[in-house]
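Encoded as structure tokens, the structure appears first; notes follow it.
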2 protein chains.
Amino acid sequence: MSIDSPGFTIDLRKLRLLREVEQRGTVAAAASALHLTPSAVSQQLAGLARELDVPLLEKQGRGVRLTGHARVLLGHAHAIEAQLERARADLAAFDDGLVGEVRVATLPTAVAAVLGPAMAQLRAERPALRVRARDADPVGAIRALDAGEVDVAITVDHPGGPRRDDPRYARIDLITDILDVVLHEDHPLARGRTVDLGLLAGEEWISGNPHDACAAIADNACAAAGFIPDVRHWTVEYDALAALVSAGAGVGLLPRLAQPLRFGNVRTVPVAGPPPARLVYAITRAGRPADATTSIVLQKLREVAAARHDATSPLVP
Amino acid sequence: MSIDSPGFTIDLRKLRLLREVEQRGTVAAAASALHLTPSAVSQQLAGLARELDVPLLEKQGRGVRLTGHARVLLGHAHAIEAQLERARADLAAFDDGLVGEVRVATLPTAVAAVLGPAMAQLRAERPALRVRARDADPVGAIRALDAGEVDVAITVDHPGGPRRDDPRYARIDLITDILDVVLHEDHPLARGRTVDLGLLAGEEWISGNPHDACAAIADNACAAAGFIPDVRHWTVEYDALAALVSAGAGVGLLPRLAQPLRFGNVRTVPVAGPPPARLVYAITRAGRPADATTSIVLQKLREVAAARHDATSPLVP
DNA sequence: TTAATCATTAAGTCCATCTAGATTTTCTTC
DNA sequence: GAAGAAAATCTAGATGGACTTAATGATTAA
């Protein structure tokens, strides 16, 4: 349908004219109230009636009377004008961060620790500010951010991702997610308070997604301990990695955010010395000053992360 | 506020452009879908952003991205377009008598017998067809009908009212409302099966509103019986007339629609011979064929009146 | 009957919107 | 890295819709 074909839309200005005629009783009075000539009002309403193919005005003495069609139409006009008024109010409220939708791409593991609590608090504090969350791995998160599909991404560094000082983005560090060793409960080191990674040089290793930060961090940690891990298995899901350990297939490293595990025969043990970790941060496009809504979500994420950090996952300096 | 001042209304066509840009992703695609040039879409959206004083589009690579403001606006646009769609549907349904409002002016006494039951049935059968009722005496009813304030009047003939064959109106007879004599229970004739009016020639009479049909009918009935009643009291409300009889102030005639009375010491007795009566009818303007909604209400009134007529108030031939 | 009020029509003016072409920016490809 | 393609925007000019003025017809009031 073409944009100027009849019936494409209804001109709200004409509805306004009709409403004014209803309230003031005559075309002339409506025209005067709107600073128009009666001729203009008459022509516009005749045009509206033609577009809709219904009679709107009937002659009544030397004045006019609204038809039943016109009254039906006006019933909706009131609703539409009210909706427009709400739209206008919401546009203003958007600038104050009271109304709007902020789209967030997040690491699945960050939902429980950060995004979920933040959304719960925001829902209570600002009911008209909606957060729309979606899962994304680090690659997908940055891609969605670049494409404008999301306003905020909660993610970690990954190979090929933007550098920390990339001017196209603004970051807020949220929490340091420490990686622990995952061992079967029968493993000789499973009961230790910490584990020296070097002692696991001879084990069969289970690695995460090679595109993910965890795999690289694990490799680096092993390299620092002086060996290259013998990776026999790859998984994308942390749960699958834990399941493999549970089955005795090998050992691995798992971020604390993905814990606790649901396998009774698996133990997680902190790494001895400086812990391998990944920094979870929120990142936004840095073009111009962010919307108030986005700033509020970021601030809430920072608050929630700070509380969480005190509890379980100390930031490394 | 002038009709073309900024903020008077929002052009729905521009909202439609914005929605198309949202769905298709680019200005060019939206323009193509609407058979316009990209230039036109760009200019219109720039104008909308200027009118609303909010940014709607941001540059994103070589394309554009919608701002948070734009998404807030579009949330309302969906609601508005849905409302417009409903308006269009209702305009069509009006012609089928499914949707609309019919305004009725009615004799107060006709509500219980005719209009009330008709409204109840219509509410069940056609929930979207609304009847708006208001009280009116015969003079006010015709005046409201002429002024276009109501579509139907339920009334009776009155002095100065339109003649039965007035071409400006169309009538539908509803019920013949017979007038009975009202007597105090101690009156010697109060226990009779009928009363000969001539026997009441010496009584003090209580009359209704002189502008009302009842007063004229009573006068005529008395004249036919060979006397002119000695009217000592006038009332507008039937209830007041009955109260006067109850107080022993005199006798009178009361329409059957106003009965039963709430005074225990008052009796109503039919007039002997041809009963004085007033014809209750529905009347509409006769200019052009009535709206389907109005016709449906009239038809329902006729049905209800026919049923009522069988029960209590036989039509005189 | 005359005058006044109201709506509508006809004709002309003016402004918003559209098209066409040029420009700028950005992405892709060689 | 250069060239080309794609996208949006800008400018200028054309077009159509909306408004005004003036005239007409109908109705009411005096």
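Order of the sequence lines fixes the chain letters, A, B, ..., with proteins taken first and strands second; residue numbering starts at 1 for each chain.
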[X] [atom1] - [N] [atom2] separation (whole Å):
X	N	atom1	atom2	answer
B/Leu17	C/dT17	CG	P	10 Å
B/Leu57	D/dC10	CG	P	12 Å
A/Arg65	C/dA7	CZ	P	13 Å
A/Glu51	D/dA18	CD	C1'	12 Å
A/Leu34	D/dC19	CG	P	10 Å
B/Gln60	C/dT24	CD	P	23 Å
A/Arg16	D/dA18	CZ	P	17 Å
A/Leu36	D/dT21	CG	P	11 Å

- Item | Donor-acceptor side-chain pairing of A/Ser295 and A/Gln299 below 3.5 angstrom | no
- Could you name each residue pair satisfying salt bridge (charged side-chain N to carboxylate O under 4.0 Å, His left out) that touches residues 67-79 of chain B, not counting sequence neighbours? A/Asp151-B/Arg71
- Query: A/Ser39 or A/Lys59: which one's nearest nucleotide on DNA chain D is closer to the 5' end?
  - Reply: A/Ser39
- Note on the structure: The answer to which of A/Lys14 and A/Arg62 contacts DNA chain D further toward the 5' end, by nearest nucleotide, is A/Lys14
- To the nearest 0.5 Å, tell me how far B/Glu85 CD sits from A/His76 NE2. 11.0 Å
- Examine D/dG17: is either OP1 or OP2 under 4.0 Å from a nitrogen or oxygen in the side chain of B/Arg13? Give yes or no. no
- Query: Quick one: is A/Thr37 getting a side-chain N or O under 4.0 Å of the D/dC19 phosphate, OP1 or OP2?
  - Reply: no
- Message: Using only atom types and a distance under 3.5 Å, with no angle test, would you say the side chain of A/Glu101 pairs donor to acceptor with the backbone of B/Val72?
- Response: no
- Is there side-chain contact between B/Ile10 and A/Arg88, with heavy atoms separated by less than 4.5 Å? yes
- Message: Near DNA chain C, counting only heavy atoms under 4.0 Å, which residues of residues 42-49 of chain A show up?
- Response: A/Ser42, A/Gln43
- Query: Is A/Asp96 salt-bridged to A/Arg126, going by a charged N under 4.0 Å from an acidic O?
  - Reply: no
- Side-chain contact check for B/Thr26: nearest option of D/dC19, D/dA7, C/dT8 is D/dA7
- Message: For A/Glu149, run the salt bridge (charged side-chain N to carboxylate O under 4.0 Å, His left out) check against A/Arg132, A/Arg143, A/Arg134, A/Arg285 and tell me which one passes.
- Response: A/Arg134
- Query: How would you label the contact of B/Ala40 with the nucleic acid (heavy atoms, under 4.0 Å): base, sugar-phosphate, or nothing?
  - Reply: base
